[in-house]
Amino acid sequence: MNVVQRLDQPSNYKDSQTRVDRRSQDELLYSSTTLYIGNLSFYTTEEQIYELFSKCANPEDGGGIKRVIMGLDRNTRTPCGFCFVEYYTHAEALASMRYISGTKLDERIIRCDMDLGYKEGRQFGRGKSGGQVRDEHRQDYDPGRGGWGAQAQRLEIERRRREVEERYVDAQDGPGAVASGGGEWKEVESSEGKLKRARSPEDEGENERTVRLFFPFTPAYLTHIPPPQGQRTRTEDTDTDRM
């Protein structure tokens with residue numbers, strides 16, 4: 001009977017999508033050279049992983065780290081808190097699980113487990129939001145794991161969307177609401193309570209004459225100002241005098 005659990009024994013970690021029975025899996029784990037690393041910060045880099053796990057590598061005897069596969073969000077292709085470290089020998093993987101698992105990396109206690117071996121596609125998260133399943137229903141706020149859990153974030157986004165829609169409806173139905181679009185010319189009520197005609201297309205000519213008065217040196221090719229109705233232009237007066 002062991003008072004302290006042996007650190008070189010595989011844990012209860014098991015890939016949920018593997019098709020290997022438990023007995024066969026244990027046999028494969030006793031010769032595996034791959035580690036699954038969990039509880040990583042989203043901001044931990046591959047270089048940090050390589051540097052830490054190289055401490056248990058033994059390149060003098062033909063060992064070392066063969067490759068590091070970072071776990072990625074299925075949708076955004078960004079790190080999502082796990083990775084695989086593959087060594088050349090089983091002894092190196094076993095030493096890493098014994099001495100590195102339970103230590104801190106980026107202020108987080110990481111977990112190392114023997115893995116059956118990396119296969120293409122396992123680098124992507126399996127949660128509905130694209131990340132890990134554990135971050136799908138997480139209710140606590142974890143800045144190293146993207147803040148709130150994915151489900152809590154979706155609920156917050158939906159709540160804010162409803163608030164915006166309610167404010168928009170209130171603004172449309174409340175007093176002083178301004179109708180949008182249309183293009184129709186209607187009568188609007190002035191601040192004195194009297195009705196006056198809103199702007200019409202005919203008002204544009206008056207605006208142009210006003211601009212001409214304040215900016216008399218505006219070239220004619222930039223602003224064409226029609227003369228007031230019934231009033232002759234300077235050119236017409238000159239032509240009449242010549243006649």
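As the structure is a prediction and not an experimental result, all values here were calculated from the model.
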Answer yes or no: is there a side-chain heavy-atom contact under 4.5 Å between [X] and [Y]?
| X | Y | value |
| --- | --- | --- |
| R108 | D142 | yes |
| I69 | V85 | no |
| I65 | Y87 | yes |
| R67 | Y118 | yes |
| K66 | T33 | no |
| T44 | P79 | no |
| R126 | Q132 | no |
| F53 | I49 | yes |

Euclidean distance, [Y] [atom2] relative to [X] [atom1], rounded to 0.5 Å:
| X | Y | atom1 | atom2 | answer |
| --- | --- | --- | --- | --- |
| Q123 | R77 | CD | CZ | 8.0 Å |
| L35 | C83 | CG | SG | 9.0 Å |
| L94 | S32 | CG | OG | 10.0 Å |
| Y99 | K55 | OH | NZ | 15.0 Å |
| R98 | C56 | CZ | SG | 9.5 Å |
| L52 | I110 | CG | CD1 | 5.5 Å |

Shared hydrophobic cluster, [X] / [Y] (ILVMFWY, side-chain heavy atoms < 4.5 Å):
| X | Y | result |
| --- | --- | --- |
| Y43 | L72 | no |
| V68 | F42 | no |
| F124 | V133 | no |

_Let's go through D115 and F84 carefully: what are the C-alpha distance in whole Å and the side-chain angles of both, what is the deciding distance for side-chain contact (heavy atoms from CB on, under 4.5 Å) to 0.1 Å, and is it a yes or a no?_
CA-CA 8 Å; D115 189 81; F84 297 93; 3.9 Å; yes

*Can you see which heavy atom on R74 is nearest to which on K128, and at what distance?*
NH2-O, 3.7 Å

_Exercise: identify the closest heavy-atom pair between T103 and I100_ = OG1-O, 2.5 Å

So, [X] versus [Y]: side-chain donor-acceptor pair below 3.5 Å or not?
| X | Y | result |
| --- | --- | --- |
| D73 | T78 | no |
| Q48 | T45 | yes |
| E92 | T89 | yes |

*Any donor-acceptor pair under 3.5 Å linking the side chain of T34 with the backbone of G117?*
no

*For N75 and S129, indicate whether the former's side chain and the latter's backbone hold a donor-acceptor pair under 3.5 Å.*
yes

Surrounding [atom1] of [X] (heavy atoms of other residues, nucleotides or ligands, distance under 6.0 Å), is the total greater than 12?
| X | atom1 | answer |
| --- | --- | --- |
| R160 | CZ | no |
| E51 | CD | no |
| E163 | CD | yes |
| R159 | CZ | yes |

*Can D26 and R23 be counted as an ion pair, charged N to O under 4.0 angstrom?*
no

_Check this for me: does any side-chain nitrogen of one of E166 and R162 sit under 4.0 Å from a carboxylate oxygen of the other?_
no

_Under the side chain to side chain donor-acceptor pair (under 3.5 Å) test against N39, which residue among R145, R111, R134 passes?_
R134

_Through direct or indirect side-chain contacts below 4.5 angstrom among Ile, Leu, Val, Met, Phe, Trp and Tyr, which residues connect to Y88?_
none

*By the rule that ILVMFWY residues connect when side-chain heavy atoms come within less than 4.5 angstrom, directly or transitively, which residues belong alongside I109?*
none

*Cation-pi check, R122 onto Y36 ring (under 6.0 Å, within 45° of axis)*: no

